[in-house]
Amino acid sequence: MAEDLYSALGVSRSADQKEIRRAYREKARKFHPDVNKTPGAEETFKRISEAHDVLSDPETRSQYDRFGENFRQYAAADAARSSEQPRRSGGTRYTWSGGGAQSSNWEDLFGGGFGGFGRGADHTAELEITVEEAYRGGRRTVQVASPYGGAQEYTIDIPAGAVDGQRLRISGAGGAGADGQDGDLLVTLRVKDSKRYRLSGVDIETDLPISPWEAALGADVSVPTPGGPVTVHVPPGSSTGRRLRLRGQGMPRRGQPGDLYARVKVVVPRTLSKKEKELFEQLRDESSFDARRGS
């Protein structure tokens, strides 16, 4: 069972808006992924952000107090039962899409009927983006299909430096309200690893292939980053798995940006020329190095 939203912020159920805002700021500073790298901190930050989104809005707070954790579904179902709009039957589906967006069965949630009373219910979806998209930001399109037929496309502005779990709001793209005030569509970003980059909080990891002689002798090599190539010095004697830190080359931030870690990967040529083979044989005969000693 998810933690109560009031408990997540550390406030009582009678807390006023000032107390809620103050509690959110204090916890956000403590658990923000930019400053807290401990396991579970990012999930805590997401939960307190959700608590603030719900409890700072009098309408959604009232619904949460009445219905609990699943307030959006119950509030919308309650509105549907009391609405004067005509009901529709059948297996109508309400879907929203764009990348890895989810879909929900309207009949399962609302018993086969739909209606609005007061402000429309907020809906949620997930949008899958790459590390490169999260780094640069940009625009993506989300398509909302109405249970009454037809569809509407909305453009989402993804901020540069977006993190996994960040939520974006599209005003008026949620459930219809009888008084004309529609709910919102809340889109949660899910950052997936690409072939080149892996995201860890605000830091980025990438593999750095190097030759055996670069690993042994050291070298200055170019590392691709989402912001463009950067030269890094590979120290002599670097083995596969060694991490080289490029400060400030991770996810952009208004304050301190993240770092990029290039993980060394020593790559051996698949084929050798006659001269190369002779040199490697000479090295083998001359060297006393034992790669398995102490392993």
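Worth knowing before you read on, the calculation uses all heavy atoms, side chains too, and leaves out hydrogens, waters and symmetry mates.
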Would you say N36's side chain and K30's backbone share a donor-acceptor pair under 3.5 angstrom? yes
Would you indicate whether R284, at its atom CZ, is surrounded by more than 12 heavy atoms from other residues, nucleotides or ligands within a distance under 6.0 Å? yes
Between L244 and V267, is there a shared hydrophobic cluster once you connect ILVMFWY residues whose side-chain heavy atoms come closer than 4.5 Å? no
Does a donor on one side chain and an acceptor on the other come within less than 3.5 Å for R29 and Y24? no
Between S200 and E205, does any side-chain donor sit less than 3.5 Å from a side-chain acceptor? no
Could you walk me through whether D207 and K265 pass salt bridge (charged side-chain N to carboxylate O under 4.0 Å, His left out), step by step? CA-CA 7 Å; D207 291 332; K265 183 178 181 181; 5.1 Å; no
Under a 4.0 Å N-O cut-off, is there an ion pair linking D16 with R22? no
Quick one: is the NZ or CZ of R245 closer than 6.0 Å to the six-membered ring centre of Y261, and within 45° of its axis? no
Quick check: do T231 and V223 have side-chain heavy atoms less than 4.5 Å from each other? no
From the list T188, T124, D53, side-chain hydrogen bond (donor to acceptor under 3.5 Å, both in side chains) partner of R167 resolves to D53
Is there a path of hydrophobic side-chain contacts, each under 4.5 Å between heavy atoms of I, L, V, M, F, W or Y residues, that connects L55 with F31? yes
Can you find a pair of side-chain heavy atoms, one from P159 and one from Q166, that are under 4.5 Å apart? yes
Using a 3.5 Å distance criterion without hydrogens, assess whether the side chain of S49 forms a donor-acceptor pair with backbone atoms of F45. yes
When hydrophobic residues are tied together by side-chain contacts of less than 4.5 Å, even through go-betweens, does Y64 share a cluster with V11? yes
Decide side-chain contact (heavy atoms from CB on, under 4.5 Å) for K37 and D203; before the verdict, give the C-alpha distance in whole Å, the side-chain angles of both, and the deciding distance to 0.1 Å. CA-CA 11 Å; K37 304 294 185 181; D203 296 331; 4.2 Å; yes
Can you find a heavy atom in the side chain of R47 that is under 4.5 Å from one in the side chain of L5? yes
Give the minimum heavy-atom separation between P224 and T206, together with the two atoms involved. O-CG2, 4.5 Å
Between S211 and E214, a side-chain donor and acceptor under 3.5 Å: yes
Do D122 and T60 come close enough that some side-chain heavy atom pair is under 4.5 Å? yes
Kindly work out whether a path of hydrophobic side-chain contacts (I/L/V/M/F/W/Y, heavy atoms less than 4.5 Å apart) joins V264 to W213. no
Criterion salt bridge (charged side-chain N to carboxylate O under 4.0 Å, His left out) on R198 and D193, from CA distance to verdict: CA-CA 5 Å; R198 301 175 294 275; D193 294 341; 5.9 Å; no
Would you say V232 and L217 are hydrophobically clustered, going by side-chain heavy atoms of ILVMFWY under 4.5 Å? no
Any side-chain heavy atom of L199 within less than 4.5 Å of one from M251? yes
Output yes when R196 and E132 qualify as a salt bridge under the 4.0 Å nitrogen-oxygen rule, no when they do not. no
With a 4.5 Å limit on heavy-atom distance, are the side chains of L208 and V234 in contact? yes
With a 4.0 Å cut-off, would you call D164 and K192 a salt bridge? no
Give a yes or no on whether a salt bridge exists between E128 and R190, defined as a side-chain N under 4.0 angstrom from a carboxylate O. no
Minimal heavy-atom distance between P226 and I204, with the atoms involved, is CG-CD1, 3.9 Å
